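One structure is given here, and the rest of the page talks about it.
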Amino acid sequence: MTSVPQRHTYYGAPTSSYTQSRQSTSYSSQKRKHVTFGPYIVGSTLGEGEFGKVKMGWSKTSSSSMDVPKQVAIKLIRRDTIPKNSEKEVKIYREINALKHLNHPNIVRLEEVLQNSKYIGIVLEYASGGEFYKYIQKKRRLKESAACRLFAQLISGVYYMHSKGLVHRDLKLENLLLDKNENLLITDFGFVNEFLPENELMKTSCGSPCYAAPELVVTARPYEARKADIWSCGVIMYAMLAGYLPWDDDPENPDGDDIGKLYRYITRTPLKFPDYIAPVPRDLLRAILVADPKRRITIAQTLHHQWLQPHLPFLSVMPEEWDHVSKNQEFLRQPPQKGEAANSARPRSNCSVSSTNSKGEKRNSLIMDSSLHSQPVPPQQSQSHAVAMPSSPSPRLRQSPVKSNNRHSRSNSAASIALQAVVDAEREYHATHPPFTNSASTSALQFEVSPHSTSPRHYTFSPTKTNQNIVTSLRDSVIIETSPQKGSGTFLIASSLKESPNGTGLPEASSVPAPSGHKGQLAVKGQVSYHGTHNLALHRRPRPTSYHPASCSTFCDISQVPTLQPTVNGEDTTSQTQDNVNKSTSQGIMHRGSFSMNKPFVDMQIVAGDLIKSGGDGDTAAKKIHDQVEDADHRVDLLRQRRQSQRYSVVYDKLFGVAQQSEDNAVEDAGPGGNAVEHGAPGASVKRDKKRFSIMSIYSTSKSSVESGSPKNEDKHRGTDSENNHRGSTKRITSGQELSVNDQQDTSRKSSAAKNTEPAKQASRLKEVKTETSRKTLSAISKQELLGQNSSAQKSKVEPRIEPEATKKNATVQRSASLKKPAKPAQSRKKANRSSVMVSSVAASNTENARPREQSTAKRVIDFFKRRSMRL
Ligand SMILES: Nc1ncnc2c1ncn2[C@@H]1O[C@H](COP(=O)(O)OP(=O)(O)OP(=O)(O)O)[C@@H](O)[C@H]1O
């Protein structure tokens, strides 16, 4: 099974009381150094791409001491690896310029772009849900409802992008991430390009073989880029539902390495479906995955396909609405921080994060002909898109609640408020509609043109009684209103929904034509159960992201690329930034032709230092993280002290030798940073994380051993090296049951004999009798100890059920961490859960209960020897 990186969750700052108590002592005395980049503390590596590493980052500043530092993903690109006027440079600038213009909840948000003498840092919204393809791998395939929701998000994002005149051209599972609420985020805009209404055909064949539309590969003719994006969306949809890629079963080309063969196969072989894909999604897939781009469904038609009907309220939000909402929301949540430029205001975000650590596995993006098709050099004004502060926030937005538990909502997203509105509408819709009723009632969608005399680009918000009405104006000055009708079970969409003849990508008129040749598919009446239990084994091994390395060479004719602008120094940037802030205030959305592949120097901020280490003084985020690390250190110290205090007694070591060994592992593994990983401190390495999980697995074995409660069970674990650890910990719990009283007597006899060698030689027979007596006494103590140990083992067994508050909290943390671990069979997952509980109980007994008990035991042993030597 493919391994999915282990995740850990950041639970924010330590509790205030703890922070306060530690602040005064350790923090001030010991300044930790953090790697920083501009205003961010740089943490662990999230992934690696073509351009370099993507690092986790924490904003150093937060508005109050209780605020959790904002997390971001920083794509760090070494400047010396980007040759001037190279394809690489173009890709980077493309990405930055595109992201600057895109404000959609399903498109990764660009926070800012920073640079210093060594690096360019693209600061992005942090996608804590990880990579989408791993999510599918973990689940094997998605349930239809989940796939539908995520596909709706994908389509909404792509539609938005197209409406801005941009095409992604490299849509694939690997370029999709998930946020903390499992919402989709489109990322990696390195191949993005602008299409112009009068010239929207492109020549550059880019993308990834398995996701690239056939017209990109089989012909050299210019292609319609939007249609190519739709094809890729179809492949993604198929992968979500099937658990593997379409046309992935050519026996002559099993790995798809031969791209020529792959595309011949694609164009000649009809699309096949596993039987668990229901008719309605099949219909959509058949409409999308049409080799002839002219016959392929448009994105506007896709929006209104029956399969996406449950998400129509969401899909009906117009691009302008996203821009408007996002601008307002930015304003509402980003009060400029002290000493910060207005355009670098950083929104606060809540942090439930996980870390993935994937190596760049996706180097297969393909460029077959990178000559840009008579692409005019974008006008200079296009570079003037700094973050703008809107004049006044919408009062409606201020009132809108954002509920965290909604699926479409992202509390830290650019447009979560609007999302919230559509989520509510969707919920309303779901309440009155059984999910995925497969009837031919497309007429249930009633389209109604409501002409409105508002001026172009004028946004109208209806007075909101509830969040269920979203009124927005279209470019052609028509109000679109989505209003689920209570009671009637009818969903009304009043809109113009016209595909604009100039290719702006707006939806087509009221009737949604069924894809040619597939009308019959829609006419399935009655309810169809979609969630059949078909056996995946019938199909080929699912390869959701099986990826076929490009067999053709990747090249780029950079002679066609517009000349890049010279590097701009910091002073210029400053003056231009202000200028552009002023300009962009009036720029709501991106105008056609404003996209630029030139260096986006406007938004770049110059940051001091080259990923320098800086002191954390006065740095709230650093302080919090430091405290967490301190906390970990402190706990480790306690463990070490405890261990040392136990060493003075040979008998003690003999009695608890195995337990000590096991604990040693724990001490080593829970070394400084072990806890830091748990709390997400910067620099927490995956290695440490692994160690933490290995501790968990050790205790997992212990637990099962305790549960079985028999030495036989323990024997099963004997054998390999790795199992020896398990064995050790098993003994820790079961030693009381395993060691017989006789063994203990022997042990104590030997140790006392060792101590008594000298006196014994000189002693008379009378003394030997005394020694015999003392041996008996020791046996008695050993028995007592043994009983104590047994009861301790029993206690560990019971403790999970009667956890103190702190322990419970700990257990919850551990549980959630282990649940996020790689996909495992149900049984082993259960085991992991149990192990989490064990860890917390053992930890609790280590720190609280066990210490006083062990000290008194040791004292008793010492006392015994004292008494004995006195007697001797
Ligand atoms: N915003 C983000 N949040 C979390 N992780 C991210 C984010 N962006 C990127 N990553 C991680 O970093 C990895 C590499 O990022 P990305 O694909 O953007 O780099 P790249 O250099 O553009 O790669 P590519 O070769 O695909 O263009 C991703 O696979 C993902 O694991």
Side-chain angles (χ1 to χ4, degrees), residues 4-10 40 42-58 70-78 81-82 87-96 98-99 102 105-113 119-137 157 168-192 206-211 232 349 351-367 410 412-414 545 547 549-550 554 556 680 686:
V4 178
Q6 291 163 345
R7 304 239 169 108
H8 55 264
T9 305
Y10 177 48
Y40 300 98
V42 179
S44 53
T45 302
L46 295 168
E48 214 168 314
E50 188 186 345
F51 300 110
K53 286 182 179 166
V54 179
K55 296 268 188 184
M56 194 191 281
W58 286 266
K70 182 193 169 190
Q71 282 188 302
V72 290
I74 310 174
K75 199 184 251 193
L76 286 168
I77 304 156
R78 274 185 77 102
T81 62
I82 321 166
E87 179 217 338
K88 221 174 169 182
E89 192 176 42
V90 173
K91 263 184 107 176
I92 292 164
Y93 295 157
R94 262 184 180 148
E95 178 156 23
I96 296 170
L99 285 173
L102 300 173
N106 301 113
I107 294 175
V108 74
R109 189 177 56 233
L110 176 74
E111 301 286 349
E112 58 188 326
V113 182
Y119 292 94
I120 292 175
I122 304 175
V123 184
L124 299 165
E125 164 187 9
Y126 177 61
S128 59
E131 287 166 294
F132 186 49
Y133 80 89
K134 287 182 180 166
Y135 178 79
I136 299 179
Q137 271 179 338
H168 189 284
R169 305 197 299 171
D170 194 17
L171 288 168
K172 57 184 178 184
L173 287 176
E174 291 88 334
N175 285 340
L176 301 176
L177 301 170
L178 291 172
D179 75 1
K180 71 185 173 97
N181 294 322
E182 292 186 354
N183 290 310
L184 207 74
L185 289 177
I186 304 170
T187 186
D188 203 348
F189 285 77
F191 284 121
V192 80
C206 45
S208 304
C210 282
Y211 299 85
S232 307
S349 80
C351 300
S352 167
V353 300
S354 62
S355 163
T356 56
N357 186 22
S358 70
K359 273 269 166 196
E361 295 158 2
K362 40 176 190 169
R363 299 281 65 82
N364 302 323
S365 290
L366 124 100
I367 303 178
R410 282 165 52 203
N412 57 350
S413 74
T545 58
Y547 208 72
T554 302
C556 174
V686 176

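Values in this document were obtained by computation on a predicted structure and should not be read as measured data. Whatever order the structure lists ligands and atoms in, that order sets their numbers, starting from 1. Just the heavy atoms: all of them, side chains too, but no hydrogens, waters or symmetry mates, feed the values below.
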Contacting atoms of ligand 1, where contact means under 4.0 angstrom from a heavy atom of [X]:
| X | result |
| --- | --- |
| Phe51 | 21 (O) |
| Lys75 | 16 (P), 18 (O), 19 (O), 20 (P), 22 (O) |
| Ala127 | 1 (N), 2 (C), 3 (N), 4 (C) |
| Gly47 | 12 (O), 13 (C) |
| Ala73 | 1 (N), 2 (C), 3 (N), 7 (C) |

Please indicate whether any nitrogen or oxygen in [X] is less than 3.5 Å from any nitrogen or oxygen in ligand 1.
| X | answer |
| --- | --- |
| Thr187 | no |
| Glu50 | yes |
| Glu174 | no |

If hydrogens are left out, which of [options] has an atom nearest to [atom], that is, the closest non-hydrogen atom?
| atom | options | result |
| --- | --- | --- |
| atom 5 (N) of ligand 1 | Asn175, Leu46, Val108, Val123 | Leu46 |
| atom 23 (O) of ligand 1 | Gly190, Gly130, Gly49, Gly129 | Gly49 |
| atom 27 (O) of ligand 1 | Ile122, Leu176, Ile92, Asp188 | Asp188 |
| atom 9 (C) of ligand 1 | Val54, Thr45, Leu124 | Val54 |

Quick one: are [X] and [Y] in side-chain contact, heavy atoms under 4.5 Å?
| X | Y | answer |
| --- | --- | --- |
| Ile82 | Glu89 | yes |
| Val123 | Val113 | no |
| Val54 | Ile74 | no |
| Glu131 | Glu174 | no |
| Ile122 | Phe51 | no |

Please find out if less than 6.0 Å separates the ring center of His168 from that of Phe191. no
Between Glu111 and Tyr40, is there a side-chain donor-acceptor contact under 3.5 Å, judged purely by atom types and distance?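 Judged by distance alone, the side chains do not pair up.
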Is there a side-chain contact (heavy atoms from CB on, under 4.5 Å) between Leu76 and Lys53 once you walk through the steps? CA-CA 6 Å; Leu76 286 168; Lys53 286 182 179 166; 5.6 Å; no
If we ignore hydrogens and angles and just use 3.5 Å, is the side chain of Asp170 paired with the main-chain N or O of Asp188 as donor and acceptor?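 Checking the backbone N and O of Asp188 against the side chain of Asp170, no donor-acceptor pair under 3.5 Å is found.
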Where does Glu48 meet ligand 1, judged by heavy-atom distances below 4.0 Å: at the side chain, the backbone, both, or neither? backbone
What part of Leu185, side chain, backbone, both or neither, has a heavy atom within less than 4.0 angstrom of ligand 1?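 For Leu185, there is no contact with ligand 1 at all, from either part.
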